[in-house]
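Before any comments, here is the structure.
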Amino acid sequence: MIKIEDLHKSYGKNEVLKGISTEIKEKEVIAIIGPSGSGKSTFLRCLNLLEEPTSGKITIAGDVLMDKGTNIMKIREEVGMVFQHFHLFPHKTVLENLTYAPINVKGMDKAAAIKKAEDLLTKVGLFEKRNEYPNRLSGGQKQRVAIARALAMDPKVMLFDEPTSALDPEMVKEVLAVMKNLADTGMTMLIVTHEMGFAREVADRILFLDGGKLIEDTSPEQFFAAPSTQRAKDFLEKVL
Amino acid sequence: MNLDFTAIIPSIPYILKGIGVTLQIAIGASIIGFIIGILLALCKIGKVNVLRWFADFYTSIFRGTPLVLQLMIIYYAVPQLLDIQIDPVPTAIIAFGLNSGAYISEIIRAGINAVDKGQMEAAQALGIPYAKMMKDIIIPQAIKNILPSLVNEFITLNKETAVVTVISALDIMRRAYIVGGATYRYLEPLLFAGVIYYIMTLVLTFLGKRIEKGMRKSD
């Protein structure tokens with residue numbers, strides 16, 4: 001479903017991604033972990049072109065991202081993203097946050113968009129908050145709304161950029177629960193996370209990045225029980 | 001002490017009629033200024049060099065020369081160059097609108113830049129096209145942040161319109177001056193005009209606060 005070949009990304013002279021290649025199958029749940037500054041977020045953000053790769057090739061569902069003829073907007077419709085700091089639209093109600101893009105980007109009928117948004121809000125347990133403004137919600141609630149907002153576009157892939165890192169500890173669980181449910185429905189997911197327990201439990205595969213390189217690409221069992229590189233061992237010793 | 005307001009009492013309705021003219025100029029100019037301001041601000045933050053240069057040049061010209069000069073140049077230029085007769089009030093609306101567009105563009109540009117960068121990323125990630133993102137996501141948040149500055153700009157504009165007296169538009173100021181000429185007493189009508197401007201400013205400030213409060217509903 002997603003194929004990444006020799007992906008490089010530099011900011012000026014600073015090379016953040018030094019040639020990453022991997023392939024992600026449909027319905028796979030991938031946890032991307034690694035020390036800070038290892039390029040995890042940059043890698044994820046290249047997948048919907050929030051960062052423009054310096055070189056390499058990314059293919060998503062048959063479309064090559066950096067081709068001139070490829071419609072970036074179309075790809076972004078198919079790749080949902082959830083951010084560390086939620087980035088809900090503060091001047092729109094929860095419901096409007098969910099319906100804006102389906103109506104204005106996909107041309108969805110308003111009533112249908114509302115219906116869909118209400119269903120999604122019910123799924124993340126926030127139906128009763130539909131007419132609130134985001135500032136009235138807790139961090140965990142905001143992130144659940146943000147997940148629902150991305151899902152409202154019917155994406156084929158969901159990217160999560162440290163979705164629980166900005167949350168108070170007691171709210172992490174509710175967000176992870178929503179993500180687990182989503183994984184159970186068969187959504188293809190790439191998750192940059194520091195939640196090792198979650199990665200171990202939910203992910204099908206672990207990508208371990210260090211210094212801009214993909215140095216382990218393996219199953220969670222293998223990765224947590226017996227990582228093959230010293231870097232991964234050191235990292236796990238620090239975080240577990 | 002020689003201050004006698006009785007002489008201007010019959011002329012008070014005449015001066016008060018100037019309020020309509022002053023407001024007409026201020027409101028008309030604000031609308032033009034706001035539209036120009038948004039367009040220039042978009043040029044300034046955009047990636048097209050030619051547009052950015054144009055917007056910067058426009059702003060520097062209108063900020064770098066006296067407003068009264070701009071007013072008079074437009075007043076004389078339009079009939080002379082375009083062969084169109086133009087009344088003082090439309091002239092004033094155009095001149096003040098063009099001028100205030102330069103100032104408002106700077107306010108809006110700052111307001112757009114102050115909107116959290118994540119808002120733009122979230123919109124992009126949802127596939128929202130640039131124009132819609134600006135119109136529905138970024139600019140509404142920017143306007144909310146800069147509303148106090150915009151209200152302030154309008155209040156300033158409302159007072160500044162007094163210079164239209166140089167092209168004989170019959171605003172509050174001009175009428176006060178005419179009454180002065182007719183009664184040979186300038187101080188009293190000018191003081192009266194001052195009171196009117198001051199009250200207008202107070203009312204506008206009050207209205208501005210009300211609007212701000214209304215916009216804060218999402219906080």
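Proteins come first, then strands; the chains are lettered A, B, ... in the order of their sequence lines, and each starts at number 1.
Contact residues of residues 145-161 of chain A toward chain B are A:Arg149, A:Ala150, A:Met153 (heavy-atom distance under 4.5 Å). Of residues 36-66 of chain B, no residue lies under 4.5 Å from chain A by any heavy-atom pair. Annotation: residues 100-108 of chain A contacts chain B through A:Tyr100, A:Ala101, A:Asn104, A:Val105 [non-hydrogen atoms, separation under 4.5 Å].
Heavy-atom neighbours of B:Tyr14 OH from other residues, nucleotides or ligands within 6.0 Å: above the threshold of 12. Within 6.0 Å of CD in A:Glu128 there are more than 12 heavy atoms belonging to other residues, nucleotides or ligands. By the neighbour-count criterion of 12 heavy atoms within 6.0 Å, atom OH of B:Tyr130 is densely surrounded, having more than that number from other residues, nucleotides or ligands.
Between A:Leu120 atom CG and A:Lys115 atom NZ the span is 10.0 Å, to the nearest 0.5 Å. To the nearest 0.5 Å, atom NZ of residue B:Lys17 and atom OG of residue B:Ser11 are 11.5 Å apart.
A:Val79 touches chain B through its backbone: at least one of N, CA, C or O sits under 4.5 Å from a heavy atom, while the side chain does not. Residue contact with chain B, scored on non-hydrogen atoms closer than 4.5 Å, is absent for A:Ile75. For chain B, the nearby parts of A:Phe89 are the backbone and the side chain; heavy atoms of each come within less than 4.5 Å.
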TODO: Might you work through the side chain to side chain contact (heavy atoms under 4.5 Å, CB included) test for A:His194 and A:Lys40, ending with a clear yes or no?
DONE: CA-CA 11 Å; A:His194 295 294; A:Lys40 308 181 295 282; 3.8 Å; yes

- [ ] Verify side chain to side chain contact (heavy atoms under 4.5 Å, CB included) between A:Asn181 and A:Lys123, making sure each step is shown before the conclusion.
- [x] CA-CA 9 Å; A:Asn181 283 340; A:Lys123 270 186 198 150; over 6 Å; no

Open item on the list: Using side chain to side chain contact (heavy atoms under 4.5 Å, CB included), reason through A:Met66 and A:Thr70 one step at a time and then give a plain yes or no.
Closed with: CA-CA 7 Å; A:Met66 286 84 86; A:Thr70 303; over 6 Å; no

TODO: Might you work through the side chain to side chain contact (heavy atoms under 4.5 Å, CB included) test for B:Met200 and B:Ile172, ending with a clear yes or no?
DONE: CA-CA 11 Å; B:Met200 284 174 87; B:Ile172 301 168; 3.6 Å; yes

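Between B:Asp116 and A:His87, the closest side-chain pair of non-hydrogen atoms falls below 4.5 Å. A:Val94 places none of its side-chain heavy atoms less than 4.5 Å from the side chain of A:Leu126. No side-chain heavy atom of A:Leu17 sits under 4.5 Å from any side-chain heavy atom of A:His8. Contact check for B:Arg175 versus B:Leu170: side-chain heavy atoms found under the 4.5 Å cut-off.
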Scan the side chains in residues 42-51 of chain A for donor-acceptor partners under 3.5 Å anywhere in the protein, sequence neighbours excluded, and list what turns up.
{"from": "A:Arg45", "atom 1": "NE", "to": "A:Glu51", "atom 2": "OE2", "distance (Å)": "3.1"}
{"from": "A:Arg45", "atom 1": "NH1", "to": "B:Glu121", "atom 2": "OE1", "distance (Å)": "3.0"}
{"from": "A:Arg45", "atom 1": "NH1", "to": "B:Glu121", "atom 2": "OE2", "distance (Å)": "3.4"}
{"from": "A:Arg45", "atom 1": "NH2", "to": "A:Glu51", "atom 2": "OE2", "distance (Å)": "3.0"}
{"from": "A:Arg45", "atom 1": "NH2", "to": "B:Glu121", "atom 2": "OE2", "distance (Å)": "2.7"}
{"from": "A:Asn48", "atom 1": "OD1", "to": "A:Leu50", "atom 2": "N", "distance (Å)": "3.4"}
{"from": "A:Glu51", "atom 1": "OE1", "to": "A:Tyr11", "atom 2": "OH", "distance (Å)": "3.0"}
{"from": "A:Glu51", "atom 1": "OE2", "to": "A:Tyr11", "atom 2": "OH", "distance (Å)": "3.4"}

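With hydrogens and angles disregarded, no donor-acceptor distance shorter than 3.5 Å links the side chain of B:Thr165 to the backbone of B:Ala162.
Interface remark: of the candidates A:Leu88, A:Thr93, A:Asn71, A:Leu88 forms the most heavy-atom pairs closer than 4.5 Å to chain B. Options B:Gln141, B:Gln119, B:Met120 differ in how many heavy-atom pairs under 4.5 Å they form with chain A, and the most are formed by B:Gln119.
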